[in-house]
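Below is one structure, written out as structure tokens; comments come after it.
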Amino acid sequence: MPDTLTPGGTASATPSAAPTRTRASRLRDFWSDFGRSPVALVSLAVIAVLAFVSFGAPWVTPQDPYDMANLDWMDAFLRPGTVGSGGYTHWLGTDNAGRDMLSAIFYGLRTSFVIGLSAGALALMVGITVGLTAAYFGGRTEALLMRIVDLQLSMPAILLALVLVAMLGQGVAQIILALVVAQYAYFARTTHGTATVERGKDYIEAARSTPLPTWRVLLRHLLPNVLPPLIVVATVQVAAAIALEATLSFLGVGLPLTEPSLGSLISNGFKYIHTDRTWLSIYPGLFLMVTVVAINLVGDRVRHVLDPRNQR
């Protein structure tokens with residue numbers, strides 16, 4: 001049986017099944033409260049469908065639109081619903097290179113999800129490390145780290161990402177790194193604010209008075225109490241990362257047109273926005289908008305469920 005710290009600093013034995021049962025009960029309560037919002041459920045279903053078709057793009061799309069061997073220049077600028085030379089219907093039309101737009105959008109969505117989730121996860125880990133370190137040690141360490149965070153938060157994320165991508169170059173890895181640097185400060189500020197409140201409580205003081213190593217106190221006792229607000233921030237920042245990647249690609253400093261990206265598709269179609277070929281930018285833009293809005297709606301519902309003021 002594991003030992004737990006009492007407010008007096010002494011260890012007491014508790015049954016190992018109790019924490020597991022409590023976590024399972026909390027998880028059931030969370031999904032029960034989350035499911036009371038039809039908008040959140042629909043948004044979650046939309047995200048699941050988009051993720052399925054994007055990661056399964058090689059199997060659900062009629063062509064690989066970024067393999068030049070699969071493209072036929074005679075299929076350029078086909079209108080939505082037209083049957084091309086390949087014998088299948090281009091439901092959302094084709095672009096100037098003969099790419100099937102629906103296939104290109106699914107491939108671009110896969111890139112968006114990979115970049116958004118990767119950048120969000122890495123920024124979360126960096127932000128937690130910075131925030132917990134600053135809150136736990138305090139003093140000059142806290143002052144130095146949080147001044148750096150405050151300085152970064154004073155700059156627009158898109159401006160910082162533009163500078164970093166210009167320095168690092170184009171590519172998925174470079175964009176992820178730039179977004180991590182641009183976004184970790186949001187997690188660090190949230191972590192620091194919550195951890196500072198928890199730092200002075202009795203259970204943390206009791207843990208610090210024991211021979212437990214610092215990393216164990218941080219991960220076992222302090223981290224679990226700062227995670228709920230970070231979950232909300234993470235959902236918002238994943239949506240922000242997807243939008244930032246599309247913006248960088250639209251501006252021509254993100255992914256090139258030869259790589260799948262919703263931003264580059266929108267940028268390519270924007271040249272024809274004043275012609276009768278508006279589908280080239282409208283459809284990628286709609287998929288981008290639906291993805292970002294759905295993630296934000298899910299994050300808003302998670303924030304509502306985890307807010308202590310809304311819990312009975």
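- In this structure, Thr89 contributes its side chain and Trp91 its backbone to no donor-acceptor pair below 3.5 Å.
- Ser249 and Ser264 share no donor-acceptor pair across their side chains, judged by distance under 3.5 Å alone.
- Here the two rings, on His90 and Tyr88, have centers that are under 6.0 Å apart.
- Contact check for Gln174 versus Val165: no side-chain heavy atoms found under the 4.5 Å cut-off.
- With Ile128 as the partner, the side-chain contact (heavy atoms from CB on, under 4.5 Å) test is satisfied by one option alone out of Thr133, Thr190, Thr191, Val226: Thr191.
- The main-chain N or O of Asp33 is found under 3.5 Å from a side-chain atom of Arg301 such that the two form a donor-acceptor pair.
- Between Thr61 and Tyr107, some side-chain heavy-atom pair lies under the 4.5 Å cut-off.
- With hydrogens and angles disregarded, no donor-acceptor distance shorter than 3.5 Å links the side chain of Ser118 to the backbone of Ile115.
- The two residues Tyr272 and Asn96 make their nearest non-hydrogen contact at OH-CB, 3.8 Å.
- A 4.5 Å side-chain heavy-atom check between Pro65 and Phe106 finds every atom pair outside the cut-off.
- A side-chain donor-acceptor contact under 3.5 Å links Gln183 to the backbone of Gln237.
- No hydrogens or angles considered: a donor-acceptor pair under 3.5 Å links the side chains of Ser85 and Asp75.
- For Ser112 (side chain) and Gly108 (main-chain N/O), a donor-acceptor pair under 3.5 Å exists by modelled atom type.
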